[in-house]
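Predicted model only: the values in this text are computed from it and were never measured.
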Amino acid sequence: MSALALNAEALYLELLRGVRSLCQADTRLVGITSGGAWLAERLQRDLGLPGQSGQVSSVMHRDDFAQRGLSAGGQTSFTFEVNGADMVVLDDVLYTGRTIRAVLNEIFDYGRPARVQLAVLVDRGARQLPIQADFAAARVVLPETQLLALARDPAGAFSFEVKNKA
C-alpha cells in the first residue's frame with residue numbers, strides 16, 4: 001500500500017474558498033477542539049471577520065465518554081450569542097459523524113442557532129450517522145486501522161499525521 005500524501009496547506013486554501021461561499025454577513029465561525037479550532041482561528045483572520053471565532057468541545061456529549069473521560073483539550077467558548085446565530089462549524093477530519101453529533105448537542109446546550117453548517121478539511125467517509133459536510137476540501141479513503149489528524153507547527157502551518165491505531 002502506498003503512503004497517503006495530503007498537502008494540508010493546499011487543502012486549507014480550498015477550505016478558505018469553500019467557507020467564504022458559505023458565509024453571510026453575520027455568519028460566526030466555530031471550531032471543534034483542537035484541529036477545527038485551529039482552522040477557525042486562521043479562517044477568521046484570513047476572511048477578515050471581526051472578533052474571534054468560537055470553540056466547541058465534544059467531550060461532555062460523546063457516546064464513549066465512559067471510556068475516554070475528560071480530555072486535556074480546549075473547552076467550549078462562544079464569543080457571541082448562540083440563539084439565532086448563523087454558524088459554520090469547522091473540523092479537520094470528518095469520519096463516523098459521532099463527534100459532530102456530540103458537538104451539536106453541546107451547541108444546543110448554549111442556545112438555538114438559526115442555522116449550523118459544517119465545513120471540513122478532509123472527509124474520510126465511513127459514516128455511522130447520517131451527517132454530511134456542507135463543504136469538504138478533500139475526500140479520502142483510509143483503512144479503519146489508520147487515524148488522520150491535523151498538526152500545526154509553531155508558525156501556524158498545517159500538516160497531516162497518519163498514524164496506525166494502537
Student: State the CD-CG distance between E41 and L90, to the nearest 0.5 angstrom.
Tutor: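 Reported value, rounded in 0.5 Å steps: 11.0 Å.
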
Student: Is there a donor-acceptor pair closer than 3.5 Å between any side-chain N or O of T33 and the backbone N or O of V56?
Tutor: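 It does hold such a pair.
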
Student: For residues F80 and V116: do they belong to one hydrophobic cluster (side chain heavy atoms under 4.5 Å, members Ile, Leu, Val, Met, Phe, Trp, Tyr)?
Tutor: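 In one cluster: yes.
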
Student: Return the CG to CG distance between L142 and L147, rounded to the nearest 0.5 Å.
Tutor: 9.0 Å

Student: Heavy-atom distance under 4.5 Å between the side chains of M87 and F78, does that happen here?
Tutor: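 Contact flag for M87/F78 side chains = yes.
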
Student: Which residue in the set V88, T79, D86 passes side chain to side chain contact (heavy atoms under 4.5 Å, CB included) when paired with R28?
Tutor: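 Among V88, T79, D86, the one meeting side chain to side chain contact (heavy atoms under 4.5 Å, CB included) with R28 is T79.
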
Student: Measure the shortest side-chain to side-chain distance between R127 and R98 over non-hydrogen atoms and say whether it is less than 4.5 angstrom.
Tutor: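 The answer is no, as the side chains (C-beta and beyond) never meet within the 4.5 Å cut-off.
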
Student: Any non-hydrogen side-chain atom of L29 less than 4.5 Å from a side-chain atom of C23?
Tutor: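 L29 reaches C23 side chain to side chain.
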
Student: Under 3.5 Å, which donor-acceptor pairs do the side chains of residues 44-51 form with other protein atoms, sequence neighbours left out?
Tutor:
unit_1	atom_1	unit_2	atom_2	d
Q44	NE2	P50	O	2.7
Q44	NE2	G51	O	3.4
D46	OD2	Y12	OH	2.7

Student: Do E81 and Y110 make a side-chain contact, defined as non-hydrogen atoms from C-beta onward lying under 4.5 Å apart?
Tutor: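 They are not in side-chain contact.
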
Student: Have a look at L15 and tell me which of L11, L13, V19 forms a side chain to side chain contact (heavy atoms under 4.5 Å, CB included) with it.
Tutor: V19

Student: Any Lys/Arg nitrogen of R42 or E9 sitting under 4.0 Å from an Asp/Glu carboxylate oxygen of the other?
Tutor: yes

Student: Of the options L39, D92, I100, which is the one that meets I32 in a side chain to side chain contact (heavy atoms under 4.5 Å, CB included)?
Tutor: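 Of the listed options, the one satisfying the test is I100.
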
Student: Could you pull out the closest heavy-atom pair between A126 and Y95, with the gap in Å?
Tutor: CB-CE1, 3.5 Å

Student: For R124, which residues count as a side-chain hydrogen bond (donor to acceptor under 3.5 Å, both in side chains) partner, sequence neighbours excluded?
Tutor: none

Student: Side-chain polar contacts of residues 156-166 - donor-acceptor pairs under 3.5 angstrom, sequence neighbours left out - could you list them?
Tutor:
unit_1	atom_1	unit_2	atom_2	d
E161	OE1	K163	NZ	3.3
K165	NZ	E144	O	3.1

Student: Go through the side-chain N and O atoms of T76 and E106 and say whether any donor and acceptor fall under 3.5 Å apart.
Tutor: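 On atom types as modelled, these side chains qualify, holding a pair under 3.5 Å.
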
Student: Which atom pair, heavy atoms only, marks the closest approach of N83 to G111?
Tutor: OD1-CA, 3.3 Å

